[in-house]
Amino acid sequence: MITGANTGLGQAIAIALAEAGAEIVAVGRTEPTATQAAVLALGRRFLAVQADLDSTAAIPAVVDAAVAEFGEIDILVNNAGIIRRREAVDFSEADWDAVMNVNLKSAFFLTQAVGRRMLAARRGKIINIASLLSFQGGIRVASYTASKSGIAGLTRLLANEWAGKGVNVNAIAPGYFETNNTEALRQDEQRSRDILARIPAARWGTPSDLGGAAVFLSSAASDYVHGTILPVDGGWLAR
């Protein structure tokens, strides 16, 4: 199960996991038409579940739909996320709540719902999509930074609680990738130049760069990996 799999990083993760043999449940507010076509072309089964994750109300139905189709959920990727940009002194409560509800609150309660089933089966892989702003402060994205710092903390907490019960909880922290969320940055010539100057790999990441990390954390190769936040950032944090 992958949230926000219609485009960008979520789509790339869905395709990478399908290539590795997984059946895919894509959860999101819009139809993941391109993702579905790519997964079906790989010979894997695909279920699209339409849900708005700015509220937790849809979560029971999301889990029920996946279980009805596939019988169990072996892997959960909490990828859905939004961002709002404004100076902290002007940041609105509405923008704070919108981001926190999708990025943190719904991610936790979906993990809780799926985690109950994984704990009963004593197996499962949960991958949260964190951020460089799980480590750093950023600018003009107060609620996004708070939400991604929260995701990092929840990853560690859940690993502490569930590692001994057969469930792996880890996170991936993408660096600067070519996605909808970074379009404003990439269109700002000065900001884009400053960002590229700091990335040792000297390029923005492409969504397919994230697939290997997702497959690793979803597979038996990571059975003794718990509570880690794996940067996939072109070396950004190393500089």
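Along the sequence shown, the residues carry numbers beginning at 1. Remember, it's a predicted structure, so these values are computed and weren't measured experimentally.
- The hydrophobic clustering, which links ILVMFWY residues whose side-chain heavy atoms are closer than 4.5 Å, places Val141 and Leu132 apart.
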- Task: Evaluate side chain to side chain contact (heavy atoms under 4.5 Å, CB included) for Ile75 paired with Ile2, printing each intermediate quantity in order.
- Result: CA-CA 8 Å; Ile75 302 160; Ile2 304 162; over 6 Å; no
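- Here the shortest heavy-atom pairing between Thr182 and Arg85 reads CA-NH2, 4.5 Å.
- Across Ser147 and Val99, no two heavy atoms sit closer than the pair OG-CG1, 4.0 Å.
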- How far apart are the C-alpha atoms of Ile195 and Leu185, what are their side-chain angles, what is the distance that settles it, and do they pass the side chain to side chain contact (heavy atoms under 4.5 Å, CB included) test? CA-CA 9 Å; Ile195 287 166; Leu185 292 177; 4.2 Å; yes
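- Within 6.0 Å of atom CZ in Arg140, more than 12 heavy atoms from other residues, nucleotides or ligands are found, so the atom counts as buried in its surroundings.
- Ser222 and Asn170 share no side-chain donor-acceptor pair at under 3.5 Å.
- Pairs passing the side chain to side chain donor-acceptor pair (under 3.5 Å) check and including a residue from residues 148-159, sequence neighbours excluded, read Asn128-Thr155.
- We find the CG-NZ distance between Asn168 and Lys125 to be 3.5 Å, quoted to the nearest 0.5 Å.
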- Item | Stepwise side chain to side chain contact (heavy atoms under 4.5 Å, CB included) test for Thr7 and Thr30 | CA-CA 10 Å; Thr7 61; Thr30 59; over 6 Å; no
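- Under the side chain to side chain donor-acceptor pair (under 3.5 Å) criterion, the residue pairs touching residues 51-77 are Arg29-Asp52, Arg45-Glu69, Glu72-Arg117, Asp74-Arg123, with sequence neighbours excluded.
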Show every donor-acceptor pair shorter than 3.5 Å between a side-chain atom in residues 227-239 and any protein atom, with sequence neighbours excluded, or say none if there are none.
| unit_1 | atom_1 | unit_2 | atom_2 | d |
| --- | --- | --- | --- | --- |
| Asp233 | OD1 | Gly235 | N | 2.9 |
| Asp233 | OD2 | Trp236 | N | 3.4 |
| Asp233 | OD2 | Leu237 | N | 2.9 |
| Trp236 | NE1 | Gln136 | OE1 | 3.0 |
| Arg239 | NH1 | Ala197 | O | 2.8 |
| Arg239 | NH1 | Arg198 | O | 3.4 |

- Task: Test side chain to side chain contact (heavy atoms under 4.5 Å, CB included) on Asn103 and Ile151 and set out the steps.
- Result: CA-CA 8 Å; Asn103 294 14; Ile151 282 290; 5.7 Å; no
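- By the criterion of side-chain heavy atoms lying less than 4.5 angstrom apart, applied directly or through intervening Ile, Leu, Val, Met, Phe, Trp or Tyr residues, Ile82 is not grouped with Phe108; the two fall into different hydrophobic clusters.
- Separation of atoms CD (Gln112) and CD1 (Ile59) is listed at 8.5 Å; rounding is to 0.5 Å.
- At a threshold of 4.5 Å between side-chain heavy atoms, the hydrophobic network of Ile, Leu, Val, Met, Phe, Trp and Tyr places Leu104 and Val169 in one connected group.
- Once rounded to the nearest 0.5 Å, the distance linking CZ of Phe109 with CG of Leu53 reads 13.5 Å.
- The backbone N or O of Ala173 sits nowhere less than 3.5 Å from a side-chain atom of Ser131 that would complete a donor-acceptor pair.
- For Thr35 (side chain) and Ala5 (main-chain N/O), a donor-acceptor pair under 3.5 Å exists by modelled atom type.
- Residue Leu154 holds its CG atom at 10.0 Å from CG of Asn78, rounded to the nearest 0.5 Å.
- For Ser143 against Phe91, the heavy-atom pair with the smallest separation is OG-CZ, 3.2 Å.
- Here the closest non-hydrogen pair linking Ala98 and Arg84 is CB-NH2, 4.4 Å.
- Here Asn79 contributes atom CG and Ile129 contributes atom CD1; the two are 5.5 Å apart, rounded to the nearest 0.5 Å.
- By the criterion of side-chain heavy atoms lying less than 4.5 angstrom apart, applied directly or through intervening Ile, Leu, Val, Met, Phe, Trp or Tyr residues, Ile73 is grouped together with Leu119 in one hydrophobic cluster.
- Other members of the hydrophobic cluster containing Ile15, listed by chain and number, are Leu42; membership follows side-chain contacts under 4.5 Å among ILVMFWY residues, whether direct or relayed.
- If you chain together hydrophobic residues whose side chains sit under 4.5 Å apart, Phe216 and Val167 never meet in one group.
- Considering CG of Leu9 and CD of Glu178, their distance stands at 11.0 Å, rounded to 0.5 Å.
- Here Val49 pairs with Val25, Val27, Leu47, Val62, Ala65 under the side-chain contact (heavy atoms from CB on, under 4.5 Å) rule; sequence neighbours left out.
- A distance-only check finds a donor-acceptor pair linking the side chain of Thr111 to the backbone of Ala107 [under 3.5 Å].
- Each side chain to side chain donor-acceptor pair (under 3.5 Å) pair with one or both residues in residues 207-219, not counting sequence neighbours, appears once here: Arg203-Asp209, Thr206-Ser208, Thr206-Asp209.
- Across every non-hydrogen atom of Val215 and Ala20, the tightest pair is CG1-CB, 4.0 Å.
- Within 6.0 Å of atom CD in Glu189, 12 or fewer heavy atoms from other residues, nucleotides or ligands are found, so the atom counts as exposed in its surroundings.
- The shortest heavy-atom contact between Ala80 and Thr3 is N-OG1, 2.8 Å.
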